[in-house]
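Accompanying notes for the structure given below.
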Amino acid sequence: QVQLVESGGGLVQPGGSLRLSCAASGSIFSIYSLGWYRQAPGKQRELVAAITSGGNTNYADSVKGRFTISRDNAKNTVYLEMNSLKPEDTAVYYCNADGVILTSRAMLGAHWGQGTQVTVSS
């Protein structure tokens, strides 16, 4: 009923920048929280950043000051601007939508995108 499609991953040198996008589609009335998680090989998935429909943000300590999350509520799209990238940022980045309400007023659980690879390497 709801699909999340990510784009913008790739290979970048240390110190470089990337911008991730995630568009949610479906019969969506509203989404409370949109966020980005990442999972590196051999590690657990972790929160990178999240933003509520009201604009409140939450960042992992490891990305504060380097990453910026934003969203366009009209387009049900969330962005992650990543600057000063480090090799330890290398991971698959997953988009997450939580608190989804459909136009039918049905409430859904968390949804995940398929993931996009970000590799930071020289």
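A quick note: this is a predicted structure, and the numbers were derived from the prediction, not measured. Hydrogens, waters and symmetry mates play no part in the numbers below; they use all other heavy atoms, side chains included.
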Indicate, with yes or no, if [Y] and [X] share a hydrophobic cluster defined by side-chain heavy-atom contacts under 4.5 Å among Ile, Leu, Val, Met, Phe, Trp and Tyr.
| X | Y | value |
| --- | --- | --- |
| V63 | V12 | yes |
| Y37 | I69 | no |
| L47 | M82 | no |

Nearest 0.5 Å, please: how far is [atom2] in [Y] from [atom1] in [X]?
| X | Y | atom1 | atom2 | answer |
| --- | --- | --- | --- | --- |
| I101 | M107 | CD1 | CE | 5.0 Å |
| T90 | L85 | OG1 | CG | 8.5 Å |
| Y59 | W36 | OH | CH2 | 13.0 Å |

Min side-chain heavy-atom separation [X]-[Y] under 4.5 Å:
| X | Y | answer |
| --- | --- | --- |
| N73 | R71 | yes |
| C95 | W112 | no |
| R66 | D89 | yes |
| Q1 | L108 | yes |
| V48 | Y93 | yes |

List, one per line, each side-chain donor-acceptor pair under 3.5 Å for residues 16-35, sequence neighbours excluded.
residue	atom	partner	partner atom	Å
S17	OG	N83	OD1	2.8

Keeping the roles fixed (side chain from S104, backbone from L102), state whether a donor-acceptor pair exists under 3.5 Å.
-> no
R38 to Y94, cation-pi by 6.0 Å centre distance and 45° axis angle =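 No, R38 does not lie over the aromatic ring of Y94.
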Count the heavy atoms belonging to other residues, nucleotides or ligands that lie under 6.0 Å from CD of Q3, then report whether that count exceeds 12.
->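 Atom CD in Q3 is not crowded, with 12 or fewer foreign heavy atoms closer than 6.0 Å.
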Hey, is CD on Q44 packed in by over 12 heavy atoms from elsewhere, all under 6.0 Å?
->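 No, the 6.0 Å shell around CD holds no more than 12 heavy atoms from other groups.
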Within residues 106-121 or reaching into it, pairs that qualify as salt bridge (charged side-chain N to carboxylate O under 4.0 Å, His left out) - sequence neighbours excluded =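 Sorted pair list comes back empty.
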Side chains of T119 and Q117: is there a donor and an acceptor less than 3.5 Å apart?
-> yes
Passing option when P14 is tested against S84, S121, S122 for side-chain contact (heavy atoms from CB on, under 4.5 Å) = S122
Closest heavy-atom contact between L80 and A49?
->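 Scanning both residues completely, I find the closest heavy atoms to be CD1-CB, 4.2 Å.
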Evaluation steps, side-chain contact (heavy atoms from CB on, under 4.5 Å), between I51 and N56 | CA-CA 5 Å; I51 183 169; N56 292 318; over 6 Å; no
Verify side-chain contact (heavy atoms from CB on, under 4.5 Å) between Q114 and E6, making sure each step is shown before the conclusion.
-> CA-CA 7 Å; Q114 79 285 356; E6 301 123 330; 2.9 Å; yes
Who pairs with K64 by salt bridge (charged side-chain N to carboxylate O under 4.0 Å, His left out), at least two apart in sequence or on another chain?
-> D61
